[in-house]
Participant: 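Sending over a structure as C-alpha cells; questions will come in a sec.
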Amino acid sequence: MDESEKREQTLSKIIKTCRLMLEFAWRERNGRLFIFIKAVTAVMNAGFSVVYALIPGFIINELTESARTEYLVAYVALLAGSSIAGFYINKYCNLKMKTLRDETELKYRVDFFSDTLDMDYEKLETPDVQYLKERADYALDNVFGFVEIVMALFSAILSIAAMSSVISTLNPFMILLAAASVYINFATAKKSNYIRYMLEKETDKYEELKSMFGYMMNSYGSSYFYTREIKMFGAKDFLLHKYAESSRQLNKIKERSQRKTSVSDTVCTITNAVQQAILYAYLIYCVIAAGLSVGGLSIYMSAVASLSSALGAVFEQYLELSTQSLNIQDYIEFVNIPSKQKSCGHKIPEFRKGSVIEFHDVSFKYPGSDRYAVKDLNLKIRCGERLSVVGENGSGKSTFIKLLTRLYFPQDGEITLDGVNINEFEGEEYQKIFSAVFQDFNLYPFSMGENVTLSNESDTERLDTVYVRCGLDELEEELSYGSDTEVGKNIDPEGFEPSGGEGQKIAIARAIYHDAPVYLLDEPTAALDPLSEYKIYKQFNEMVGDRCAVLITHRLSAVQLADKVAVFDDGHVAEYGTHSELYAMGGIYTDMFDKQAEFYREA
C-alpha cells in the first residue's frame with residue numbers, strides 16, 4: 001500500500017477518527033467535563049441563532065400591524081438579554097474549558113512522553129519513526145482542538161436544522177438547493193485538502209533545513225563552533241547556497257499548494273454565489289407576487305443568512321476536521337507501534353555470585369543495512385570479572401553493549417543470564433542490573449546532585465562519598481551552591497558550564513551512585529587527558545570491588561587492570577584472553593598495543 005492509498009480520506013475514516021478522539025478525551029474526568037460544557041454551549045449558541053433570526057422579524061411585523069408596546073418590549077428584552085447572556089455564558093465556559101484543557105493536555109503529554117520512553121530503542125532511533133513521532137507530537141497538541149472542531153460542527157448542524165425548519169415553511173426546495181451546494185463543496189474540498197496535507201508533509205524537511213541554516217547564521221560569531229568551522233574551511237558560499245536552495249524549494253512547494261487549492265476555492269465561491277442568488281431571488285418573488293410580509297421577509301432573509309453561515313461553518317469545519325484527522329492518524333500509528341520490550345517475559349533477574357551472561361552465536365544488523373554489526377558473537381560475562389572489550393571503530397563494540405542491555409534484540413542467536421534468555425525478564429528490571437556510562441552521555445539542566453542521582457530523592461552521605469571517589473569534591477567546594485548548583489546557565493545565570501572532563505566525571509559518578517551489579521563503561525574517558533584517564537580507571541577499579549565491570553575502549557592504557565580482554569574485529573570476538581596472553585600471541589591486540597605505546601613514547 002503506497003502513501004496515497006494509506007492516507008486517502010473517506011467519510012468513514014473521518015467518523016472513525018472522530019469517535020476515537022472523543023473516546024480519548026472522554027477517558028479523563030476533566031476531558032469529560034470539557035466535552036459536556038462544549039456540547040451545552042453548542043446547543044445554547046444554536047438556540048441563540050434562532051432567536052437572532054426570528055425576533056427582528058417579529059418586531060417588524062408588530063410595528064407594521066398592532067404595534068403592541070408590551071410585545072415590542074418583550075421582543076427587545078429577549079433579543080438584548082440573549083446577547084448579554086450569550087456573551088457572559090460563553091466567556092465563563094471558555095475560561096473553564098481552558099483550565100480543563102490545560103490540565104488534561106498536561107496529563108496526555110506526560111503519558112505520551114512515558115510511552116515514547118518505553119518504546120523499543122532500536123525502533124525509536126530510526127529516521128522514519130522519529131519523523132512519525134514529530135507528527136504524533138504535533139497531533140497531540142490538537143486533541144482538544146479536534147474536539148472543538150467536532151463540537152463546532154455539531155453546533156453548525158444544529159443551526160442548519162433550526163434554520164432549515166424555518167425556511168422549509170416557505171419552500172422545502174431551498175433546503176435541497178443548499179444541500180446540493182454543500183455536497184459539491186465537500187467533494188471538491190476532499191481532494192484539495194488531501195493534496196494540501198501531502199504538500200505540507202513535503203515542506204517539513206525543507207522547513208527544518210531552512211530553520212537549521214537560519215540558526216547557524218544567527219549563531220555565527222556568538223557560537224565558536226560555527227564560526228571556526230565556516231572560516232577555517234571557507235564554507236561561506238557553500239552554506240549560503242544550501243540555505244538559498246532549501247528556501248527556493250520550500251517556496252516552490254508552497255506555490256504548488258496554492259495552485260492546487262485555488263480550484264477548490266473557486267468552486268466554493270461559485271456554488272455559494274449561485275445558492276444565495278437563487279434564494280434571494282425567490283424571496284423577492286414571494287414579497288412581490290405572494291404577499292410575503294416585510295417581517296416575514298426579514299425572518300427568511302435572516303434565516304437564509306444564518307443557514308449560509310452555518311453551511312459555511314460546516315464546510316470550514318469539515319476541511320479542518322479532515323486535516324486534523326490525517327494528523328491524528330499519525331498519532332494513532334505512532335502509539336500503536338508494537339513493542340518487543342512490553343511483549344517480553346515478567347521474570348525478575350538476579351546477578352549474583354556465580355552468575356554468567358552469555359552470548360550464543362548472536363548476530364545483528366541495523367534496519368536498512370545489509371551488513372552485520374555483529375555476526376555469530378560468542379562471549380561470556382562472569383560475576384566479579386573485569387572484562388575489557390577493545391577493537392577498531394566499527395568492529396561492533398557499541399552494538400554489543402546495546403544488545404547486552406537489551407536496547408536491541410538479536411536477529412539470530414540468543415543472550416542468556418544464568419541459562420535463561422534475557423527476553424524472559426521484565427525489561428526495566430533487567431536493565432536495572434547495569435550502571436552504564438556512555439561516551440555520548442547527557443547532562444541535564446538540573447543541579448549537579450540531581451544530574452548524579454536522577455531522582456527526586458537522594459542519599460546525601462552516599463552522594464558525598466561518590467564525589468570524593470570520582471574527584472568531584474573539589475569542584476563541589478568551588479561552586480556557588482555546592483552540589484545544588486545548576487549545570488548550565490540556561491535556567492540559572494549562576495549555574496556552571498562543566499568542562500569535558502568534569503562532565504565525564506559527573507556521568508561516571510551517576511553510574512557509581514546507582515551501584516548496579518554490572519558496570520558498563522562505553523569509551524568513558526574519551527574527553528580526559530591520559531593522566532586523568534589513568535586516575536579514573538584506577539579509582540574505578542578500586543570502587544568496583546568484587547562487582548562485574550565491562551569496559552569498552554579503543555585506548556589500551558588501562559587494559560592491564562582487566563581480568564580478561566576481548567578483541568572485536570568485524571563483529572565477532574577475534575581474540576580473547578589476558579593482556580599478557582594476547583600480547584604474546586602477536587596478533588591484532590599486539591599490533592594495537594604497540595602502535596598506541598609508540599604514540600605515547602613519541603608524545
Side-chain angles (χ1 to χ4, degrees), residues 344-345 347-364 372-392 395-425 427 429-438 511 516-524 537 540-541 544-554 556 558-585 587-589 592:
C344 288
K347 294 181 179 179
I348 304 300
E350 289 186 52
F351 194 82
R352 53 188 183 275
K353 186 176 181 179
S355 289
V356 178
I357 299 176
E358 186 171 2
F359 282 63
H360 304 267
D361 295 319
V362 171
S363 296
F364 175 85
Y372 280 97
V374 297
K375 177 67 173 174
D376 299 328
L377 176 61
N378 291 280
L379 186 61
K380 290 182 179 181
I381 301 168
R382 297 177 176 85
C383 182
E385 181 180 77
R386 294 168 180 77
L387 173 67
S388 181
V389 177
V390 303
E392 301 292 342
S395 60
K397 303 188 303 296
S398 292
T399 304
F400 158 72
I401 287 292
K402 292 173 182 176
L403 290 166
L404 174 63
T405 54
R406 222 173 78 174
L407 294 175
Y408 291 158
F409 291 82
Q411 274 114 22
D412 295 300
E414 67 172 356
I415 306 169
T416 61
L417 168 57
D418 294 336
V420 179
N421 191 306
I422 63 173
N423 294 343
E424 296 184 26
F425 296 114
E429 292 298 324
Y430 175 75
Q431 289 172 344
K432 283 180 182 178
I433 71 174
F434 301 102
S435 277
V437 182
F438 298 104
V518 181
Y519 283 93
L520 302 176
L521 286 86
D522 187 2
E523 303 284 3
Y537 278 144
F540 178 77
N541 188 56
V544 169
D546 60 353
R547 284 175 174 78
C548 177
V550 179
L551 171 64
I552 310 296
T553 183
H554 67 278
L556 308 182
V559 167
Q560 296 179 64
L561 297 174
D563 299 314
K564 296 289 184 181
V565 180
V567 182
F568 273 44
D569 182 53
D570 197 25
H572 71 282
V573 178
E575 297 174 1
Y576 181 81
T578 65
H579 163 71
S580 300
E581 291 170 346
L582 293 179
Y583 191 79
M585 291 172 60
I588 299 174
Y589 180 82
M592 289 178 61

Participant: Quick one: closest heavy-atom pair of Tyr430 and Leu404, and the distance?
Facilitator: OH-O, 2.7 Å
Participant: Would a 4.5 Å heavy-atom cut-off, applied to side chains only, mark Arg382 and Leu387 as touching?
Facilitator: no
Participant: Within this structure, what is the CZ-CG distance for the pair Phe438 and Leu520, rounded to the nearest 0.5 Å?
Facilitator: 6.5 Å
Participant: Side chains of Lys375 and His572: does their closest heavy-atom pair fall under 4.5 Å?
Facilitator: no
Participant: Of the non-hydrogen atoms in Thr416 and His360, which two are nearest, and what is the gap between them?
Facilitator: OG1-NE2, 3.0 Å
Participant: I'd like to check Val573 versus Phe568 (side-chain heavy atoms, cut-off strictly below 4.5 Å). Are they in contact?
Facilitator: yes
Participant: Please find the pair of heavy atoms, one from Ser363 and one from Asp376, that lie closest to each other, and give the distance.
Facilitator: OG-N, 2.9 Å
Participant: Minimum heavy-atom separation for Ser355 and Leu417, please, with both atom names.
Facilitator: CB-CD1, 4.4 Å
Participant: Please walk me through it: do Phe351 and Ile357 pass side chain to side chain contact (heavy atoms under 4.5 Å, CB included)?
Facilitator: CA-CA 9 Å; Phe351 194 82; Ile357 299 176; 3.7 Å; yes
Participant: In the structure I gave you, are the side-chain heavy atoms of Phe364 and Leu377 within less than 4.5 Å of one another anywhere?
Facilitator: no
Participant: Should the heavy atoms of other residues, nucleotides or ligands under 6.0 Å from CD of Glu392 be counted, would the total exceed 12?
Facilitator: no
Participant: If you take all heavy atoms of Ile415 and Pro410, which pair is closest and at what distance?
Facilitator: CD1-CG, 4.0 Å
Participant: Spell out, as yes or no, whether a donor-acceptor pair under 3.5 Å connects the side chain of Ser435 to the backbone of Tyr519.
Facilitator: no
Participant: Are any of the side-chain heavy atoms of Arg352 and Cys383 separated by less than 4.5 Å?
Facilitator: no
Participant: Angle class for the His579/Tyr589 ring planes (parallel below 30°, perpendicular above 60°, tilted otherwise)?
Facilitator: perpendicular
Participant: For the side chain of Lys397 and the backbone of Gly391, is there at least one donor-acceptor N/O pair under 3.5 Å apart?
Facilitator: yes
Participant: Decide side chain to side chain contact (heavy atoms under 4.5 Å, CB included) for Gln431 and Leu407; before the verdict, give the C-alpha distance in whole Å, the side-chain angles of both, and the deciding distance to 0.1 Å.
Facilitator: CA-CA 9 Å; Gln431 289 172 344; Leu407 294 175; 4.0 Å; yes
Participant: Could you tell me whether the side chain of Thr578 reaches within less than 4.5 Å of the side chain of Lys564, counting heavy atoms only?
Facilitator: yes
Participant: Using the side chain to side chain contact (heavy atoms under 4.5 Å, CB included) rule, take Val374 and Phe359 through it: C-alpha gap first, then chi angles, then the decisive distance, then the call.
Facilitator: CA-CA 11 Å; Val374 297; Phe359 282 63; over 6 Å; no
Participant: What distance do Ser398 atom OG and Asp522 atom CG have between them, rounded to the nearest 0.5 Å?
Facilitator: 4.0 Å
Participant: Looking at CG of Asn421 and NZ of Lys347, how far apart are the two atoms once the value is rounded to the nearest 0.5 Å?
Facilitator: 9.5 Å
Participant: Please find the pair of heavy atoms, one from Asp418 and one from Gly354, that lie closest to each other, and give the distance.
Facilitator: OD1-O, 4.2 Å
Participant: Hey, mind stepping through Tyr583 and Val559 against side chain to side chain contact (heavy atoms under 4.5 Å, CB included) and telling me if it holds?
Facilitator: CA-CA 11 Å; Tyr583 191 79; Val559 167; over 6 Å; no
Participant: Taking the side chain as everything from C-beta on, heavy atoms only, tell me whether Val389 gets closer than 4.5 Å to Ile401.
Facilitator: no
Participant: Roughly how far, to the nearest 0.5 Å, is the CG atom of Asp563 from the OG atom of Ser388?
Facilitator: 10.5 Å
Participant: Look only at the side chain of Arg406 and the backbone of Ile422, and say whether a donor-acceptor pair between them is shorter than 3.5 Å.
Facilitator: yes
Participant: Taking atom NZ of Lys380 as the centre, does the number of heavy atoms from other residues, nucleotides or ligands within less than 6.0 Å exceed 12?
Facilitator: no
